[in-house]
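A quick write-up on the structure given underneath.
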Protein chains: 2
Amino acid sequence: MAKAAKQKTSSGPEKTTRIQEINRRLILDAALDVFSTYGFRGTTIDQIADKAGMSKPNLLYYFPRKQNIYVTLLEETLTEWLAPLADIDPEGDPIEQLRKYITLKIKMSESHPEASRLFANEVLHGAPAISDFLAKHLKPLVDEKAVVIRRWVGEGKLAPVDPYHLIFMIWATTQHYADFDVQVRAIMGSQVGRPGFREQTAQAVLSIILNGIRPRS
Amino acid sequence: MAKAAKQKTSSGPEKTTRIQEINRRLILDAALDVFSTYGFRGTTIDQIADKAGMSKPNLLYYFPRKQNIYVTLLEETLTEWLAPLADIDPEGDPIEQLRKYITLKIKMSESHPEASRLFANEVLHGAPAISDFLAKHLKPLVDEKAVVIRRWVGEGKLAPVDPYHLIFMIWATTQHYADFDVQVRAIMGSQVGRPGFREQTAQAVLSIILNGIRPRS
DNA sequence: CAAAAACTTGACTAGTTGGTCAAAATGCAG
DNA sequence: CTGCATTTTGACCAACTAGTCAAGTTTTTG
């Protein structure tokens with residue numbers, strides 16, 4: 001007598017249909033845009049629904065709470081964001097590895113500024129939604145790479161430098177161009193949009209940081 | 001028959017009483033705290049009023065609009081924030097001047113993190129309230145200092161470096177410790193609170209940047 | 001010390017917004 | 001083509017919040 005294959009049990013939706021896949025993506029893309037511009041509190045569900053081209057109740061059919069969209073987006077973004085750090089090769093040439101890392105981060109900052117801003121906004125407000133993620137995923141990864149950098153310093157392949165502060169400096173500098181875009185534009189004006197601006201930025205940042213940590217006689 | 005000395009004319013409150021001075025300060029201090037944590041939209045007037053120890057209508061007696069408090073706070077903060085940059089002495093020793101500037105910025109980041117966050121949040125969201133200020137006050141000042149730095153490079157006192165990117169790097173790095181405090185804590189843990197942490201930070205940042213821009217043979 | 005000015009607040013309003021619900025429309029398996 | 005599951009939406013509600021207002025209290029001033 002028990003209704004056998006009913007999916008509406010408390011276990012949640014096991015199967016995702018074609019329509020679900022499309023609409024979830026539509027919602028997340030729209031939400032990234034809006035959240036990154038207005039922040040969590042500053043964003044209304046209606047705004048997201050409008051941009052995603054559906055009604056508010058329909059959106060809530062896919063994500064029952066506003067918070068759900070936000071958290072999904074943050075975790076999705078952060079995972080992608082961390083990949084380049086994980087890719088630093090402990091056996092590679094230190095300067096080369098860091099050059100690659102910085103270059104990649106600047107590229108990401110240019111190609112996905114919304115993701116950078118979404119994350120910046122969350123951390124700025126105390127990371128209420130992702131402090132667990134930071135502790136569980138970010139810290140271990142940074143600790144691991146810090147060991148590598150410290151070894152490089154010990155081997156004389158880098159000038160003596162604190163690994164953590166070096167990593168913070170790279171993050172700060174590269175993300176600055178996404179997060180503070182308005183300020184950069186206010187100061188550098190039309191240069192920002194011009195082709196080659198990213199290369200110029202990368203060149204300047206790389207020059208200072210890499211020369212700053214190159215081993216000195 | 002015109003009511004002569006009435007102050008309620010459209011010219012605004014010419015005279016500020018003792019009580020006004022105290023209460024405006026109380027409100028602004030409370031508002032900085034709340035705005036920097038929750039952002040403009042995330043902050044309610046009630047929150048500020050509570051923290052300032054007065055009723056909401058009373059608060060609105062001093063600042064008729066929420067926006068007024070916010071803008072006042074931003075402009076007050078920014079002016080103070082820019083002073084150290086203005087203080088860079090074109091006739092001083094380049095490395096020494098920049099060391100002083102960076103050290104001061106790190107100190108400010110530690111002593112007034114809320115101010116840094118308030119500003120970061122505003123710029124992150126497109127600086128809707130202060131884009132004028134950026135164009136009118138920030139840009140000219142930065143342009144002025146860029147000329148100085150460029151001259152220093154020309155005189156061989158600094159390695160060839162783009163002045164704008166150098167300034168951005170200094171801002172990004174120093175403010176990172178205030179704006180991303182939660183992240184820094186998530187990674188470095190209890191070290192952050194310990195005495196001497198600021199000095200350690202300053203040392204690391206100064207070491208990389210100054211060595212990065214020191215003239216090379 | 002009385003009157004005017006400045007200050008303070010409880011009670012209220014209008015607008016917004018996150019989320020619900022029941023009913024309709026659509027998709028799809030047999 | 002039929003019946004069930006999925007998807008979609010208009011109408012609605014309760015909570016919240018910026019700002020108002022009129023009536024009171026305190027401070028200042030002549």
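What you are looking at is a predicted structure, and each value in this text was computed from that prediction instead of being measured. Numbered from 1 within each chain, the chains take letters A, B, ... in sequence-line order.
Applying the salt bridge (charged side-chain N to carboxylate O under 4.0 Å, His left out) test to pairs two or more places apart or on separate chains, those with a residue in residues 103-124 of chain A are A:E110-A:R198. Within the structure, salt bridge (charged side-chain N to carboxylate O under 4.0 Å, His left out) contacts touching residues 172-192 of chain B (residues at least two apart or in different chains) are B:D181-B:R185. Sequence neighbours left out, the pairs with a member in residues 38-55 of chain B that pass salt bridge (charged side-chain N to carboxylate O under 4.0 Å, His left out) are B:D33-B:K51, B:D46-B:K56. Legend: salt bridge (charged side-chain N to carboxylate O under 4.0 Å, His left out) pairs involving residues 58-85 of chain A, not counting sequence neighbours, sorted by first then second residue: A:R25-A:E76.
Near-neighbour residues of DNA chain D inside residues 30-47 of chain A, defined by a heavy atom below 4.0 Å, number-ordered: A:R41. At a non-hydrogen distance threshold of 4.0 Å, A:L60, A:R65, A:K66 from residues 58-72 of chain A come into contact with DNA chain C.
In this structure A:H112 satisfies the ring-ring contact (aromatic ring centres under 6.0 Å, His included) test with no other residue, sequence neighbours excluded. Here A:F35 pairs with A:F40, A:Y70 under the ring-ring contact (aromatic ring centres under 6.0 Å, His included) rule; sequence neighbours left out. The side-chain contact (heavy atoms from CB on, under 4.5 Å) test applied to B:E96 returns B:D93, B:R99, not counting sequence neighbours.
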Each nucleotide in nucleotides 22-30 of chain C should get exactly one letter: B, S or -. Can you fill that in based on protein heavy atoms under 4.0 Å? ------S--

Enumerate donor-acceptor pairs with a distance under 3.5 Å from any side-chain N or O in residues 140-148 of chain A to protein atoms, sequence neighbours excluded.
{"residue": "A:D143", "atom": "OD1", "partner": "A:Y164", "partner atom": "OH", "Å": "2.5"}
{"residue": "A:D143", "atom": "OD2", "partner": "A:K139", "partner atom": "NZ", "Å": "2.9"}
{"residue": "A:K145", "atom": "NZ", "partner": "A:A86", "partner atom": "O", "Å": "3.2"}
{"residue": "A:K145", "atom": "NZ", "partner": "A:I88", "partner atom": "O", "Å": "2.7"}

Pairs under 3.5 Å (N/O, protein and nucleotides 12-15 of chain D):
none

